[in-house]
Amino acid sequence: MTAVMELAGRLAGSHDLSQEELAGLIRLRSRESAEFLKEQAAAQCRRYYHGKVFLRGLIEISSICRNDCLYCGIRKSNQAADRYRLDKEQILLCCRRGHALGYRTFVLQGGEDPWFNDDRMTDIVSAIRREFPDCAITLSLGERSRESYQRLFDAGADRYLLRHETASESHYHYLHPASMSFQNRMECLRHLRETGYQTGCGFMVGSPGQTAEHLARDLRFIKQFEPHMVGIGPFLSHKDTPFASQPGGSVELTLYLLSIIRLLLPRVLLPATTALGTASADGREEGLRCGANVVMPNLSPPDVREKYNLYDNKLCTGAEAAESLAVLKKRIGEAGFLVSMERGDSLIQTTAGNNMN
Ligand code: 5AD
């Protein structure tokens, strides 16, 4: 048996692979190991989720950001970016539209826009909580203080997505300006978890400077942090960023890592991301076949969708749009899965329960 198949077999058998072994599994990836891990991951996913794929309505509330991440199209110093911000009423309208379509999770995502301070944000979250007591509210608003996370949780938010971006401090500094801190990002994740959120972390695949060792460290971090959700997608360049000329991340490697993450954390909620769907026409469906079980269609007002440009050619129409539910259900159904419009809470217990109305 080849070395990579031996490592893949051990992972599938629930053995705890070391960082060096995970790096080997990544570096030695073969068609055979990818096929094997895909089947094993799909089986684990079926065992816990019975073929269900959860849909979340994604509302991109602001393309204004105080950060200057080198890879991101809405970074502060991109003068060419078209900026917008939704107000409370616009956000509520998106939720109403989504609720009528059947969505029971709303994901409010945005750049780190100072306008959404704690008073404004808690007001918005409380209003959604009041009007939609049966829905989960997920926030993805970047780094905030522990107090801020607590206030938003108390106002009714259930889940929070904050990608760690990379678990290697030196690589973190390669991707971010000196003003951003790796320690702070990791601390935010701990605060989120301690506050009682279902917490999600994640990273880009194939970001500039990334090696198999970096990815192996990301996987070790994920295994040890045991988040409720993990978001990964290929890096895709944006023309108005310092990484404009860098090649995009590999779809095959992203799929391979989805399978590995499913096997490391069998119960995790794992989206087939927009970036994966953008990088390859059937990327999202293939992601589901490799162990992903969440899709997040776009519920933002149609006129702002193309302004939330984290990378070039980001999908925001077709099956990507939350309105195209029939198309989406058909495509996911044809891939062998069943679309679920339930809240789809994490199977991993949270210490502090919240909003289980
Ligand atoms: N390519 C792929 N993903 C990106 N993100 C930001 N910029 C890019 C890009 N150029 C991801 C980051 C961020 C999430 C919202 O989108 O991981 O956390």
Side-chain angles (χ1 to χ4, degrees), residues 56 58-78 80-81 107-113 116 138-144 159-168 171-172 174-177 180 182 184-186 188-189 192 199-210 214-215 218 221-222 227 229-251 253-254 257-258 261 270-280 283-284 287 294 296 298 300 305-316 320:
R56 323 294 200 193
L58 178 63
I59 307 170
E60 294 158 337
I61 67 171
S62 175
S63 68
I64 297 167
C65 191
R66 66 184 165 106
N67 283 333
D68 219 16
C69 308
L70 276 75
Y71 46 82
C72 185
I74 64 167
R75 66 200 302 264
K76 176 176 64 183
S77 54
N78 180 8
V107 181
L108 275 53
Q109 180 169 91
E112 292 192 13
D113 177 352
F116 287 102
T138 305
L139 301 178
S140 179
L141 304 170
E143 298 177 23
R144 302 174 77 98
R159 310 179 186 145
Y160 204 105
L161 307 172
L162 181 73
R163 289 191 177 177
H164 63 285
E165 308 299 358
T166 169
S168 308
H171 188 228
Y172 187 89
Y174 186 75
L175 299 176
H176 299 96
M180 289 180 73
F182 174 74
N184 191 57
R185 198 150 192 100
M186 289 300 186
C188 284
L189 278 169
L192 286 164
T199 304
C201 64
F203 58 91
M204 290 177 290
V205 179
S207 59
Q210 187 182 62
H214 292 142
L215 287 170
D218 286 320
F221 167 71
I222 284 170
M229 307 170 280
V230 175
I232 72 164
F235 161 75
L236 297 168
S237 70
H238 185 290
K239 61 179 177 16
D240 302 313
T241 64
F243 291 154
S245 60
Q246 298 286 331
S250 148
V251 169
L253 180 55
T254 305
L257 289 164
L258 282 172
I261 293 167
L270 190 61
T273 53
T274 307
L276 186 57
T278 300
S280 158
R284 266 194 329 206
V294 172
M296 297 164 64
N298 197 319
S300 307
R305 278 182 203 174
E306 43 194 61
K307 299 184 186 168
Y308 198 77
N309 267 334
L310 306 184
Y311 43 82
D312 293 333
N313 308 314
K314 180 168 159 276
L315 289 188
C316 63
E320 200 44 50

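Atoms within each ligand, like the ligands themselves, are counted from 1 in listed order. For the numbers below, each heavy atom of this structure counts, side chains included, while hydrogens, waters and symmetry mates do not.
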message: Does this structure show an ion pair linking Asp68 with Arg75, if we count only N-O contacts that are shorter than 4.0 Å?
response: yes
Less than 3.5 Å apart, N/O on ligand 1 and N/O on the protein: could you list those pairs with the distances?
residue, atom, partner, partner atom, Å
ligand 1, 1 (N), Leu236, N, 3.0
ligand 1, 1 (N), Leu236, O, 3.2
ligand 1, 10 (N), Tyr71, O, 2.9
ligand 1, 10 (N), Leu236, O, 2.7
ligand 1, 10 (N), Leu310, O, 3.4
ligand 1, 17 (O), Arg163, NH1, 2.9
ligand 1, 17 (O), Glu165, OE1, 2.7
ligand 1, 17 (O), Glu165, OE2, 3.3
ligand 1, 18 (O), Glu165, OE2, 2.5

- request: Salt-bridge test for Lys314 and Glu60: reply yes if a basic N is under 4.0 Å from a carboxylate O, no otherwise.
  value: yes
task: Would you tell me whether Asp218 and His164 have side-chain atoms, one donor and one acceptor, within less than 3.5 Å of each other?
output: yes
message: Looking at Lys239, is its backbone amide N or carbonyl O close enough to the side chain of Asp312 to form a donor-acceptor pair, meaning the two atoms are under 3.5 Å apart?
response: yes
query: Who pairs with Arg163 by side-chain contact (heavy atoms from CB on, under 4.5 Å), at least two apart in sequence or on another chain?
result: Glu165, Met204, Thr273
Asn313, CG atom: more than 12 neighbouring heavy atoms under 6.0 Å: no
